[in-house]
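Chain identifiers are assigned alphabetically (A, B, ...) following the order of the sequence lines, protein sequences preceding nucleic acid strands; residue numbering begins at 1 within each chain. Just so we're clear, the structure is a prediction, and the values are computed from it rather than from any experiment.
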Amino acid sequence: MKLLVTTLSISFPLYSSSAPRLLTSLFSMSAIFLGSSIVPIQILSHRYPRKLSTAMAACIHTSRTDNATQIDDLVYDCGKFRRLNFGDLVSCVPISQNHTKTVHRPTVLDDINGDGDEDDLWLRMKGEAQSDVEQEPILSNYYSNSVLSHDSLESALANHLSLKLSNSSLPSNTLYDLFKSLLREDQDIIRAVQDDLRAVKERDPACISYVHCFLNFKGFLACQAHRVSHKLWSQGRKILALLIQNRVSEVFAVDIHPGAKIGRGILLDHATGVVIGETAVIGNDVSILHNVTLGGTGKVSGDRHPKIGDGVLIGAGTCVLGNVRIKDGAKIGAGSVVLKEVPARTTAVGNPARLIGGKENPIKLDKVPSLTMDHTSHISDWSDYVI
Amino acid sequence: MKLLVTTLSISFPLYSSSAPRLLTSLFSMSAIFLGSSIVPIQILSHRYPRKLSTAMAACIHTSRTDNATQIDDLVYDCGKFRRLNFGDLVSCVPISQNHTKTVHRPTVLDDINGDGDEDDLWLRMKGEAQSDVEQEPILSNYYSNSVLSHDSLESALANHLSLKLSNSSLPSNTLYDLFKSLLREDQDIIRAVQDDLRAVKERDPACISYVHCFLNFKGFLACQAHRVSHKLWSQGRKILALLIQNRVSEVFAVDIHPGAKIGRGILLDHATGVVIGETAVIGNDVSILHNVTLGGTGKVSGDRHPKIGDGVLIGAGTCVLGNVRIKDGAKIGAGSVVLKEVPARTTAVGNPARLIGGKENPIKLDKVPSLTMDHTSHISDWSDYVI
Amino acid sequence: MKLLVTTLSISFPLYSSSAPRLLTSLFSMSAIFLGSSIVPIQILSHRYPRKLSTAMAACIHTSRTDNATQIDDLVYDCGKFRRLNFGDLVSCVPISQNHTKTVHRPTVLDDINGDGDEDDLWLRMKGEAQSDVEQEPILSNYYSNSVLSHDSLESALANHLSLKLSNSSLPSNTLYDLFKSLLREDQDIIRAVQDDLRAVKERDPACISYVHCFLNFKGFLACQAHRVSHKLWSQGRKILALLIQNRVSEVFAVDIHPGAKIGRGILLDHATGVVIGETAVIGNDVSILHNVTLGGTGKVSGDRHPKIGDGVLIGAGTCVLGNVRIKDGAKIGAGSVVLKEVPARTTAVGNPARLIGGKENPIKLDKVPSLTMDHTSHISDWSDYVI
């Protein structure tokens with residue numbers, strides 16, 4: 001354990017300039033994959049060093065204390081404290097008490113980019129919008145109304161969502177006022193919005209700019225509408241939250257129950273047909289393809305949906321059913337049916353899903369699958385793949 | 001056979017106060033699961049006892065006459081006469097002659113709730129709407145236009161569907177007049193609408209009220225739009241029926257051919273991506289998740305789509321292809337591909353689908369899967385599930 | 001080789017009345033399935049005989065020259081030159097240089113129907129529209145605005161798409177002007193539109209007329225919107241192309257990247273949930289069901305999506321991932337996950353997909369699967385299908 005702390009303190013200065021807060025789970029995720037070339041180099045030069053919070057220290061104290069001398073062991077230890085951490089977040093605290101903290105906990109991206117970063121990203125998006133209009137003048141009204149006439153990301157997002165989700169029964173100005181006030185009063189949402197924008201831009205080679213994602217990616221927009229409806233849900237405004245869920249399902253074909261808790265840095269790629277149930281929990285930096293179901297089973301109320309760890313990648317058309325955990329850094333292949341827990345950093349494929357490498361000794365991934373977006377490198381290990 | 005009739009007559013008084021009509025298949029479904037705790041107790045106290053119709057008597061006479069002394073045998077016999085019945089309904093009678101009778105045959109819920117029940121349900125929905133508005137005053141216009149200003153469920157449904165399905169080419173008032181007159185002239189549709197409302201409320205723990213389902217569940221709305229388009233189809237108004245099918249596919253991402261025959265008490269949960277072909281038949285009290293396909297094969301016309309029995313549960317992402325039967329009370333796991341008949345009360349899973357327990361001696365379900373909504377209890381029996 | 005050419009010249013007069021162009025791959029597809037009863041008889045009586053183009057001659061010269069004395073060998077040889085041809089089209093030429101040629105190469109249908117055929121089809125559609133209005137007078141405004149008031153298929157299509165894809169931010173007249181000018185300037189698109197109309201009418205027994213397909217089939221409309229956005233993409237107008245992609249994804253739940261190259265005679269049946277990536281290539285006369293993904297893997301840019309040959313049929317819910325080839329005339333069963341090449345005229349099913357008949361000696365199809373739309377005839381050969 002000592003070695004672990006030492007190693008971590010070398011790479012990640014943990015002194016915060018502001019009030020202590022929970023160390024993010026992505027932080028440890030990055031540690032897990034320290035040996036990997038895909039971890040962005042910036043994580044080694046945080047602009048906003050932070051103190052190790054009390055909560056985190058406690059968490060570390062409960063983890064294993066073997067001498068971990070190799071990356072793989074280090075990884076294991078990190079995984080250990082992170083799983084505990086994730087476990088606490090997911091199941092030990094009632095939803096109504098701490099959902100905001102658990103859902104909108106800061107990520108490494110936040111550490112990297114700092115608090116002043118919203119303005120940077122927003123200014124960059126306005127620059128991209130200006131450039132787009134120069135290329136395509138027939139869209140100048142559209143860009144003006146959607147981006148250029150707004151003075152903040154909150155305002156532009158509230159406007160864009162309200163236009164998309166309005167209909168003859170729900171005027172866009174009612175929705176705009178509602179969305180804008182919710183985004184203004186909860187800056188955690190806007191930070192999550194930014195992380196999502198970066199996630200899409202970073203992971204999807206088809207995304208050509210932040211403003212492209214903001215205007216066009218229905219997975220991104222559905223996720224942001226969910227953040228708003230989740231906020232309403234947590235305030236007890238269930239009627240309104242459920243109405244927004246329905247409009248998102250109609251307009252974007254994405255059905256996320258407002259009760260679901262979703263972390264930051266989320267990519268819902270293509271997004272059509274995604275279904276996420278009421279008691280599902282999704283960690284940070286997760287990538288989910290279209291037609292993925294995080295579904296319940298039975299008709300009893302209560303905790304009945306999957307818990308998805310950080311850094312997980314779930315391929316297209318996959319069903320995860322029941323209150324099962326997909327642990328951090330796991331990958332689930334396209335078209336899989338998963339009804340049981342998937343260990344951290346393993347790959348599950350097939351219907352019913354099996355672990356690549358076998359149940360006893362599954363092959364461990366050395367990169368974060370949600371960041372590599374590698375859907376197929378397991379082929380050679382999929383012994384019965386005969387074509 | 002004698003014993004069967006005796007037993008049934010004890011539980012279900014079969015004397016109708018009105019003209020004789022076909023005994024519903026759900027009736028026998030309930031008998032099948034008599035030993036199960038999930039059968040609502042009310043089935044034992046029908047308010048509207050009915051006579052065993054001639055058609056049904058004939059049907060019973062063709063079934064087995066062994067001495068059935070156990071619940072399981074009783075079940076078998078009931079299943080027997082019901083399958084015959086279902087078979088007749090499905091394939092022996094041309095669509096154009098009897099679709100109304102076969103599709104809108106009464107169910108146990110109808111027996112339970114009686115004819116005066118529409119008003120009760122409608123009044124309850126209005127009460128729920130009033131309560132919602134008190135919680136969320138910014139929605140008062142929406143609720144007024146959608147529910148509170150209407151004097152009947154027909155009127156509210158016609159209005160809600162017409163607003164959802166209208167566009168610049170199809171004015172909502174044209175659709176409203178059309179829908180309202182169809183709903184007025186065929187009270188069987190409104191009874192089916194009520195059964196569907198009850199089905200969603202009863203089986204989906206995420207459904208908080210009837211008015212929530214009515215306003216927000218696109219699976220429910222798509223199903224009701226189908227009932228209208230099926231009525232048009234059966235009247236020979238194919239052009240209009242197909243246009244409604246298309247609008248439903250665009251607005252709700254649910255594609256049900258107007259020729260498909262769908263029973264009562266239907267739950268289309270989440271609903272995105274559901275595809276149901278022209279000659280498909282779905283029994284009563286069926287639960288179908290999103291992305292389920294009841295598809296054809298080949299390009300010859302004629303009877304080419306699946307026949308789904310009563311009480312069937314079909315999990316998310318499943319394809320059933322060709323003119324195959326999924327018999328009463330069967331369950332099909334998520335992500336399955338089914339190309340052959342599935343026996344009654346068995347569970348089929350996988351791609352290609354296999355029967356839990358094996359082909360020779362499949363495990364028989366003792367509860368109605370569409371009502372329990374249990375998607376995963378087969379795990380322990382799924383021998384090669386290795387995660 | 002000699003025999004092959006001789007045989008071909010008997011069946012298909014290859015003299016063009018216009019400038020030489022690439023022989024279509026469907027042409028050879030038809031030759032492949034010469035022994036099959038499903039090849040429409042008209043291919044034997046071309047109205048517009050064409051010269052064998054230099055390009056094609058070269059292609060043939062590079063193919064095998066064994067004495068092919070049987071249909072099967074003939075088929076093999078044809079397949080040989082076609083695969084080479086398809087290979088050239090798919091991977092040897094940069095997208096920016098020849099996409100138009102490769103995507104909009106003529107097909108047998110084009111040979112059959114000739115250049116004057118647009119007017120014929122358009123007049124037939126107007127006749128159908130007139131008949132529909134007589135049956136359903138409440139739709140007379142709709143049909144007038146959508147079909148009857150237009151003087152060409154280009155105009156009607158530009159109008160219909162612009163109304164479907166417009167919203168409060170994107171006025172329909174802006175889209176109409178854009179679509180109409182693009183369709184006017186590239187007659188190849190309109191020829192592809194016609195082939196698609198014929199493909200839907202020919203292959204989908206639920207399609208009752210050309211005008212039914214034109215007005216109602218969202219797969220057809222999504223495909224035509226893609227043809228327009230692909231044209232914009234190839235002109236470097238990426239912003240506009242991506243905006244159209246997004247609107248199609250929202251309105252039709254079909255997500256086709258504008259960079260994807262799609263041939264002619266395409267059927268996207270039901271279409272909900274279809275996802276086709278940026279570097280995917282689809283040949284001619286392909287049938288793709290709903291929820292099919294032609295997806296990438298990894299987040300590197302560059303050629304990363306599947307290449308689908310001519311005459312391929314892909315069943316509902318199937319994922320094909322990565323830069324793999326599905327060769328001409330192959331069939332992929334519903335719900336499959338395909339990560340490796342599928343040989344020509346074979347059938348792949350399952351998750352992971354396997355070849356029917358085994359890897360070493362797969363059973364060869366003798367009919368074009370995209371034309372037969374036969375999804376289930378492989379059942380008896382699917383050895384482990386145990387239900």
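With sequence neighbours excluded, the residues that form a side-chain contact (heavy atoms from CB on, under 4.5 Å) with B:I208 are A:I239, A:L242, B:H212.
For B:R203 and B:S370, the side-chain atoms include no donor-acceptor pair closer than 3.5 Å. In this model, a donor atom of one side chain and an acceptor atom of the other lie less than 3.5 Å apart for B:D196 and B:Q224. For B:S155 and B:H150, the side-chain atoms include at least one donor-acceptor pair closer than 3.5 Å.
Taking A:R304, A:H257, A:E250 one by one and counting their heavy-atom pairs under 4.5 Å with chain B, the maximum is reached by A:E250. The candidate from A:T318, A:V274, A:T346, A:N291 with the greatest count of non-hydrogen atom pairs under 4.5 Å with chain B is A:N291. For chain A, the option among B:I138, B:L139, B:N145 with the highest count of heavy-atom pairs below 4.5 Å is B:L139.
Proximity of a side-chain donor or acceptor of B:H290 to a complementary backbone N or O of A:V275 within less than 3.5 Å is not detected.
Proximity to chain A involves both the backbone and the side chain of B:H270, based on heavy atoms less than 4.5 angstrom apart.
Looking at A:P343 and A:L355, their side chains come closer than 4.5 Å, going by heavy atoms from C-beta outward.
The stretch residues 162-172 of chain B places B:L163, B:K164 near chain A, each with some heavy atom under 4.5 Å from a heavy atom of that chain.
Figure legend: B:K218 and B:F252 shown without cation-pi pairing, the cationic atom not lying both under 6.0 angstrom from the six-membered ring centre and within 45 degrees of its axis.
Checked for salt-bridge contact, B:E136 and A:K238 miss the test: no charged N lies under 4.0 Å from a carboxylate O.
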